[in-house]
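Nothing here was measured: the structure is a model prediction, and the numbers come from that model.
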Amino acid sequence: MTPQHRAPDDQDEPALLRDQFRQLLRYRSLLATGVIIGLLGGGYLALGGEDTYTATGEVLVRSAISDPFAAGATADKGINIGSERQTAVSDTVGTLAAGTLLKAGDDVTARKLLAGLQVTNPPNTLTLRFSYTGDTPEQSRARAEALAGAYLAHRKARTEESIENMAGGYRAQLKPLEEKRDLLEEQAGAAAAEDVTSARANIIVSISELSRKISELKALDTTPGYLNKKPVAPTAPTGPGLPLLLGLGGVVGLALGLLLSWVRLVFDPAVRSTRELVHSLGAPLLGTLPRERAAGGLLAIGRGGSRLAEEYRAVAFRLAYDPSFAESRRLLVTSPRGDNAAAAAAAANLAAAFAEMGRDVLLVEADLRTPSLADDLGSAAHEVRPPRWAAEESDGTWPTGGRSNVDVPGSGAFALIPGTTADNVPRALTSPSVGRIVAEADRPGGVVIVLAPPVLSYADVVALVDRVEGVMIVCDPREVHRSDLERIREIIGASGGSVLGALLHPARGRLRRAERRAKTSRRRSTGDGGGGTPSAGADAPELTGDPAETLGLRSVNLPAARR
């Protein structure tokens, strides 16, 4: 592995879209809420609204024609179907239809009648489709038929009125011609002039032409159209129905859920993807631990068929070939804040993985506030004789107070210096004994792994970074914030260290987190877990979890046997 990691290409649009879609799927509760709201809305519209019924009739519009059977005669001569559609929804037609319905006992105003009418024109036809939506099937049928009949009656009356107006105009032209003809007939005789005879003949021709036109107008077929489809009472309510409304509601609800998830994603301070984690921390992702249901103790290394163990081995190999780690062979394992159980499990399993590789591994628990690693390892850890220098300098306090050997089935063993409570944690972490223990990594094949408390809750990591430069952050991507990762990078960089990478662990259930918090609270109140250990003094400063806390955090009273 190389410390130079390539930043993701921001222009890789398919990858970005996949990433954003996966981020939206993190908020499944919001998606489910949106779908449920959509389904409830669709069900309400389908079941809660009043049933309406729609009856439809079709009218074929035609113009007045003298001989419909003549060659070349067309019924669409002079018809503007758009204007006819506007006429069908006019107040005049509504008033005529309301009068017809009043005679049948349906008292409705023209405005209310036209409110339920919809007139459409199928493409490339002279047909008008009258659709009326009413409260009952019979009401819809009767009103649709009345409106279609009123339109035809209005159009017929309008055509007849136009014919009568034209015929009246011809008659007005004919009357003076007839009077002049009669005058010329009185003057006609044997000695009549030739010009009088010619004028009389011309007048007779004009009278004949006007009479012919009047006769043609009276002979026109004024049928306005035909009711091709008579409205019938509908048998089912109008509307998309319950299944379709539920489907539409589900689609709209899903869109609403995606919108809510996107808004939640925009304002979510947590790390939204591995891209953001790598960018915020300034270090590569070493691995992602799988969720493993089978409980087999803290050590996954040594359990056959464990995917978790294989992931720890992969992380150990990546670290082993990292130039920064290979140079010093020192690793500081910590978490951002809160529960440190995942970091403890990672430190123990990485120590076991390095032991499998034949390394001489020393695991140092530098969590002197809530030490629990030895208890979590259980029977796998047994005390051994410390080195000669440690025995000579030992005064019964950490880190020279004791050393254990942890056996890993089928993998070997590694040494453990368990943590104990101390009066002055910063002084214990910066003591010369810690420097000599960390220096054991300089031996051929030696590896030192130090487990530290959360870096943003205590300043213990700052006290250790000058001796253990390489830091690995163990975190849950759903709980850590981007600002936390940036803060960690600044703290470790300012202390002279470097972040080798991040190890992600799956989220724990609420019950497990509650149990761990209760367990941690009991350990804090009873020292290292002994039954007769007194709690911290009343003058101890309160812990706030503020990253600005310095090394002088608190002092814990030691048991009488360890003072």
Check each of Ile491, Leu429, Leu332 against Val461 using the side chain to side chain contact (heavy atoms under 4.5 Å, CB included) test, and report the only one that passes.
-> Leu332
Spatial distance of atom [atom1] ([X]) from atom [atom2] ([Y]) [nearest 0.5 Å]:
X: Thr274; Y: Leu504; atom1: OG1; atom2: CG; result: 8.0 Å
X: Thr288; Y: Leu277; atom1: OG1; atom2: CG; result: 9.0 Å
X: Leu368; Y: Arg427; atom1: CG; atom2: CZ; result: 14.0 Å
X: Ser335; Y: Leu451; atom1: OG; atom2: CG; result: 8.5 Å
X: Ile417; Y: Leu363; atom1: CD1; atom2: CG; result: 9.0 Å

Taking atom types as modelled, find out whether Thr54 and Thr133 have a side-chain donor-acceptor pair closer than 3.5 angstrom.
-> yes
Closest approach of [X] to [Y] (non-hydrogen atoms, all atoms of both residues):
X: Arg307; Y: Pro290; value: NH1-CB, 3.3 Å
X: Val474; Y: His505; value: CG1-CD2, 3.8 Å
X: Val499; Y: Ala283; value: O-CB, 3.4 Å
X: Ala441; Y: Arg329; value: O-NH2, 2.7 Å

With a 4.5 Å heavy-atom cut-off, do Val434 and Leu464 have their side chains touching?
-> yes
If a pair satisfies ring-ring contact (aromatic ring centres under 6.0 Å, His included) and one of its residues is in residues 328-361, list it, with sequence neighbours excluded.
-> Phe325-Phe354
Not counting sequence neighbours, which residues clear side chain to side chain donor-acceptor pair (under 3.5 Å) with Tyr132? List them please.
-> Arg143
Are the side chain of Thr136 and the backbone N or O of Gln139 linked by a donor-acceptor pair below 3.5 Å?
-> yes
Hey, could you give me each pair passing side chain to side chain donor-acceptor pair (under 3.5 Å) that has a residue in residues 348-361? Not counting sequence neighbours.
-> Arg313-Glu356, Glu356-Ser411, Asp360-Arg443
